[in-house]
Amino acid sequence: MMSCSGRTGRATTAPAWSGWHRASAHNSKLLLQHANEQEQSSAATGSGGGGPSPSILDRLKDLGSRAQNWLEEQKAKAAAAEAHRQELKQGLDDMLKASPEEQAKRGGRHRGGGEC
């Protein structure tokens with residue numbers, strides 16, 4: 001596929017799982033570090049509210065729940081992006097099979113039908 005500048009365009013793909021996994025692991029480490037800092041701060045100053053502070057296990061469960069929610073959101077976004085990519089691929093395949101007249105009816109070189 002040629003762009004207006006004459007360079008060949010390529011569809012972008014989602015980042016490799018390993019890159020995403022590293023970012024996810026990094027975020028998890030930051031969340032745990034933040035929770036530990038808050039726990040240490042609470043222990044140093046007292047609970048403040050007079051009631052028992054949440055245990056580390058409760059905090060870890062909360063962090064795990066938030067991480068699971070985040071992962072589910074990322075999975076939904078990835079599925080939506082894949083569906084969109086498939087729609088674009090199908091549209092491209094249809095255009096490649098179409099005659100020049102059909103291509104012109106469907107939008108020419110650009111979606112807006114304008115020239116470069």
Enquirer: Scan for salt bridge (charged side-chain N to carboxylate O under 4.0 Å, His left out) pairs involving residues 61-71, sequence neighbours excluded, and state none if there are none.
Expert: Asp62-Arg66
Enquirer: Let me confirm one number: the NE2-CD distance from His34 to Glu37, rounded to the nearest 0.5 Å.
Expert: 7.5 Å
Enquirer: Go through the structure and list residues passing side-chain hydrogen bond (donor to acceptor under 3.5 Å, both in side chains) with Gln90, not counting sequence neighbours.
Expert: Asp94
Enquirer: Transitive ILVMFWY cluster of Leu60 at side-chain heavy atoms under 4.5 Å: who else is in it?
Expert: Leu31, Leu32, Ile56, Leu63
Enquirer: Go through the structure and list residues passing side-chain hydrogen bond (donor to acceptor under 3.5 Å, both in side chains) with Glu73, not counting sequence neighbours.
Expert: none
Enquirer: Got a list of side-chain donor-acceptor pairs under 3.5 Å for residues 95-102, not counting sequence neighbours?
Expert:
unit_1: Ser99; atom_1: OG; unit_2: Glu101; atom_2: OE1; d: 3.3
unit_1: Ser99; atom_1: OG; unit_2: Glu102; atom_2: N; d: 3.2
unit_1: Glu102; atom_1: OE1; unit_2: Ser99; atom_2: N; d: 2.9

Enquirer: Any chance you could measure Glu72, atom CD, to Lys77, atom NZ, to the nearest 0.5 Å?
Expert: 13.0 Å
Enquirer: With sequence neighbours excluded, what pairs up with Lys89 under the salt bridge (Lys or Arg N to Asp or Glu O under 4.0 Å) test?
Expert: Asp93
